[in-house]
Amino acid sequence: MNNKVKENIALSVFAFIAFLFLPWCASQQRLSRSKIKPQTTDIKSKESKSYNSKAIKHFMDGETYSLQGDYAMAVIEYLDALQYDTSSSTIYVSLGKAYINLGKLDNGIRALENAIRLDSTYYEAREIIAQVYFLSGKTEKAEREYEVLNRIKPDDLEIQYQLAIIYLKSNKIPKALEIYESIFKKDSTQSEALEKAAEISIISKDLEKAIYYYDLLIKQNPENLSYLKSRAELAIMKNDFDTAIDIYKKLIIKLPNDLKIREILGEILSRSNRYEEAKDFLELFIKEYPDRKASYVNLSLLLMRNNEYESVVNLLDSVISKFSEDPVMPLLKGTALNYLKRYDEAEVSLIETLKLDPQNTQARHILAAMWDTCKKYNLSDSLYERIIMDSPDDDIALNNYSYSLAVRGENLGKALEMVNRALEKNPENASYLDTKGWILYKQEKFEDALIYIEKSLSIEKNNAEIMEHLGDIYYRLKKHDKANEYYKRAYSIDSKNEKLKKKISE
């Protein structure tokens, strides 16, 4: 037989099982270790007893047909072999494989089960059954078989990996994690197991577990930078900026020329409570690399978080022409100018942002709210309508527009409908609850309004505006002492509010 013919036969042997494996090739690669292939050992290799010579002949003929990919003829020969010897688990296994390669899965499983009945230790037969169950979507049966296999061979890590996959498919997350931990304990080089466990924990939002796994991985392989980066990301997700900063400082030592790493450290510092350290770091980075945008953005955000809006405007004015095609710079400048109540200048910057990025949600929200503050209601209403038309579930726009209408006492039915949509998306939002309460107040439904405003204040306990609203409701309910109590509480927080001062004096 020439080499080409041998190659064709080898390919045909695995034609059907390859088809079975194809849909799972991305995530179930471990199954390939048990491809269903013909028996290559002598029939006597599994059993120690003697066989009928006719059984052996039919069996060997069946093996030859299997090697040639002629599984139908192989099945006939194996069945003939069983006519002369029904006690051979080896014949049943080969028969089972041939049936499976013909696509007759139930027949194949029955043959393999007969092999196990004759020899309960026949590991290969049970493994093939488990694979077939899994690949044919019979997850519960596959799980049962793999659990048996795991008990038979507790040190077979490949079986444990497959069992973990099945547990995941069945949404048995704790069992899958237990398996992955077991694999790593048995063989500490199996970092893949802990990687999978960490990944599952993140998806399951169990960040503490994920942190535990990455700490183990880093202890095992401290030079693996991807583990360090993942651990830092988890720290950020937990708002543990100190840990994230420490990790990124280590990464900078290992990768001194990686500017992206430095920029990320600058971003983390800007979000932390280390104001002076963050400011110094970002200013030095800007001095060394003046063409890197990220540090200007991070420094601007840091300054805004510390209410240094004038410094933000000055910083951005010095570089905004350098990044003239980037909408982030005018957005930041417009935001700072809005806080400074320099509304005309803020309007110019925000409109410039929208020229560069017409759908920029943050710019649209700020601009609409600013126009509302300036009582440019035709502009604010038009922009809110456009935002909601583009994004019907934009709960911020729905709430803000509703509140604007409520304050004006206009279109209260429409306002109520919009705030109800906002509350459907975020039912525990104190601002949205206050808006609904205020709309009900404007509709003179004071008892109903009280329910929503009180709930709002229970969530946001130190909000002067909500306290004032609560005082107004009690005043209209003729509970003047109660109203005065909330006016005073609000004034203690917002002592520059002349309206509140007047309400208290009355």
Chemist: Regarding T353 and N360, is there a side-chain donor-to-acceptor distance under 3.5 Å anywhere?
Modeler: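 No, no side-chain donor-acceptor contact under 3.5 Å.
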Chemist: State, to 0.1 Å, how close A430 and S456 come at their nearest heavy-atom pair, and which atoms those are.
Modeler: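 Closest heavy-atom pair between A430 and S456: O-OG, 2.6 Å.
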Chemist: How about Y401 and E385: does a side-chain donor come under 3.5 Å of a side-chain acceptor?
Modeler: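 Present: a donor and an acceptor within the cut-off.
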Chemist: Donor-acceptor check, side chain of R421 to backbone of P392, threshold 3.5 angstrom: yes or no?
Modeler: yes
Chemist: Let me confirm one number: the CG-CG distance from L457 to N462, rounded to the nearest 0.5 Å.
Modeler: 8.5 Å
Chemist: So, for Y146 and E127, which heavy atoms are closest and what is the spacing to 0.1 Å?
Modeler: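 Where Y146 meets E127 most closely, the heavy atoms are OH-O, 4.4 Å.
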Chemist: Are the charged groups of D381 and R408 less than 4.0 angstrom apart, N to O?
Modeler: yes
Chemist: Locate the shortest heavy-atom distance separating N150 from I159; write the atom from each residue and the value.
Modeler: N-CG2, 4.0 Å
Chemist: As a quick check of understanding, evaluate salt bridge (Lys or Arg N to Asp or Glu O under 4.0 Å) for K376 and E347, giving each step before the final call.
Modeler: CA-CA 12 Å; K376 296 180 179 180; E347 182 179 53; 3.8 Å; yes
Chemist: Where the side chain of R231 meets the backbone of L217, is there a donor-acceptor pair that is under 3.5 Å apart?
Modeler: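 No, the answer is negative, given that no donor and acceptor are paired below the 3.5 Å cut-off.
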Chemist: State whether K333 and E352 are salt-bridged, where the test is any N-O pair (Lys NZ or Arg NE/NH1/NH2 against Asp/Glu carboxylate O) under 4.0 Å.
Modeler: no
Chemist: Could you pull out the closest heavy-atom pair between S270 and L282, with the gap in Å?
Modeler: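 Shortest heavy-atom separation between S270 and L282 comes out as CB-CD1, 4.2 Å.
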Chemist: Y309 and N307: side-chain donor and acceptor closer than 3.5 Å?
Modeler: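 Yes, because at least one side-chain N or O of Y309 sits under 3.5 Å from a partner of the opposite role on N307.
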Chemist: Strictly distance-based, threshold 3.5 Å: is any side-chain N or O of S349 a donor or acceptor partner for the main-chain N or O of A346?
Modeler: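 No; judged by distance alone, with no hydrogens or angles, the pair does not exist.
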Chemist: Taking atom types as modelled and ignoring hydrogens, do the side chains of D395 and Y432 form a donor-acceptor contact shorter than 3.5 angstrom?
Modeler: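 Judged by distance alone, the side chains do pair up.
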Chemist: Quick one: CG on L207 to CD on E233, what's the gap to the nearest 0.5 Å?
Modeler: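 The CD atom of E233 is 12.0 Å from CG of L207, to the nearest 0.5 Å.
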Chemist: Can you give me the closest heavy-atom contact between P330 and L356, atom names plus distance?
Modeler: CG-CD1, 4.2 Å
Chemist: Going by heavy atoms in the side chains, are Y227 and S191 under 4.5 Å from each other?
Modeler: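 Heavy-atom side-chain distance check passes, below 4.5 Å.
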Chemist: Nearest 0.5 Å please: distance from the CG atom of L398 over to the CG atom of D393.
Modeler: 7.5 Å
Chemist: Answer yes or no: is there a side-chain heavy-atom contact under 4.5 Å between Q190 and Y161?
Modeler: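 Q190 vs Y161: side chains touch.
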Chemist: Can you check whether K455 reaches E428 side chain to side chain, under 4.5 Å on heavy atoms?
Modeler: yes
Chemist: Please check if the side chain of S182 supplies one atom and the backbone of E178 the other of a donor-acceptor pair under 3.5 Å.
Modeler: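 Pair absent, no side-chain N/O of S182 close to backbone of E178.
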Chemist: Side-chain contact, heavy-atom cut-off 4.5 Å: F134 with I165?
Modeler: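 Side-chain contact under 4.5 Å: yes.
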Chemist: Could I get the full list of ring-ring contact (aromatic ring centres under 6.0 Å, His included) partners for Y133, not counting sequence neighbours?
Modeler: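 None.
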Chemist: Take a 6.0 Å sphere around CD of Q362 and say whether it holds more than 12 heavy atoms from other residues, nucleotides or ligands.
Modeler: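 Atom CD in Q362 is not packed in, count stays at 12 or less.
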Chemist: Can you check whether E310's main-chain N or O pairs, donor with acceptor, with N314's side chain at less than 3.5 Å?
Modeler: yes
Chemist: K442 versus W438: any side-chain heavy-atom pair under 4.5 Å?
Modeler: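 A side-chain contact under 4.5 Å exists here.
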Chemist: Does I466 reach the side chain of I453, with side-chain heavy atoms less than 4.5 Å apart?
Modeler: yes
Chemist: For E223 and K254: C-alpha separation, side-chain torsions, deciding distance, then whether salt bridge (Lys or Arg N to Asp or Glu O under 4.0 Å) applies.
Modeler: CA-CA 9 Å; E223 299 304 312; K254 295 176 185 295; 3.2 Å; yes
Chemist: Check this for me: D481, atom CG, are more than 12 non-hydrogen atoms of other residues, nucleotides or ligands nearer than 6.0 Å?
Modeler: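 Counting other residues, nucleotides and ligands, CG of D481 stays at 12 neighbours or fewer.
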Chemist: Do N484 and Y475 have a side chain donor and acceptor closer than 3.5 Å?
Modeler: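 No, no side-chain donor-acceptor contact under 3.5 Å.
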Chemist: Just by modelled atom types, is the D326 backbone N or O under 3.5 Å from a matching donor or acceptor in the K293 side chain?
Modeler: no
Chemist: Using a distance-only test with no angle check, is there a side-chain donor-acceptor pair under 3.5 angstrom linking Y213 and E181?
Modeler: yes
Chemist: In plain terms, say whether K482 and E454 are close enough for a salt bridge, that is, a side-chain N and a carboxylate O under 4.0 Å apart.
Modeler: no
Chemist: Any donor-acceptor pair under 3.5 Å linking the side chain of S272 with the backbone of R274?
Modeler: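 The answer is yes, because a donor-acceptor pair under 3.5 Å joins these two groups.
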Chemist: Among all residues two or more places apart in sequence or in another chain, which pass the side-chain hydrogen bond (donor to acceptor under 3.5 Å, both in side chains) test with N420?
Modeler: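 Once residues adjacent in sequence are excluded, the partners of N420 under the side-chain hydrogen bond (donor to acceptor under 3.5 Å, both in side chains) criterion are K436.
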Chemist: Looking only at atom types and distance, does a side-chain atom of K186 sit under 3.5 Å from a main-chain N or O of P154, one as donor and one as acceptor?
Modeler: yes
Chemist: Of all heavy-atom pairs between L269 and A278, which one has the smallest distance, and what is that distance?
Modeler: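 Residues L269 and A278, closest heavy atoms: O-CB, 3.4 Å.
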Chemist: May I ask you to decide if A294's main-chain N or O and N298's side chain share a donor-acceptor pair within less than 3.5 Å?
Modeler: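 Present.
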Chemist: Could you work out, with ring-ring contact (aromatic ring centres under 6.0 Å, His included) as the rule, every residue matching Y296, not counting sequence neighbours?
Modeler: F323
Chemist: Decide side chain to side chain contact (heavy atoms under 4.5 Å, CB included) for L450 and Y474; before the verdict, give the C-alpha distance in whole Å, the side-chain angles of both, and the deciding distance to 0.1 Å.
Modeler: CA-CA 8 Å; L450 185 64; Y474 279 122; 3.7 Å; yes
Chemist: Does D494 reach the side chain of E468, with side-chain heavy atoms less than 4.5 Å apart?
Modeler: no
Chemist: Answer yes or no: is there a donor N or O on one side and an acceptor on the other, between the side chain of N306 and the main chain of E308, under 3.5 Å?
Modeler: no
Chemist: Is any NZ, NE, NH1 or NH2 atom of the basic residue among E267 and R292 found under 4.0 Å from an Asp or Glu carboxylate oxygen of the other?
Modeler: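 No, E267 and R292 are not salt-bridged.
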Chemist: A side-chain contact here means heavy atoms from C-beta on lying under 4.5 Å apart; do N400 and D372 qualify?
Modeler: no
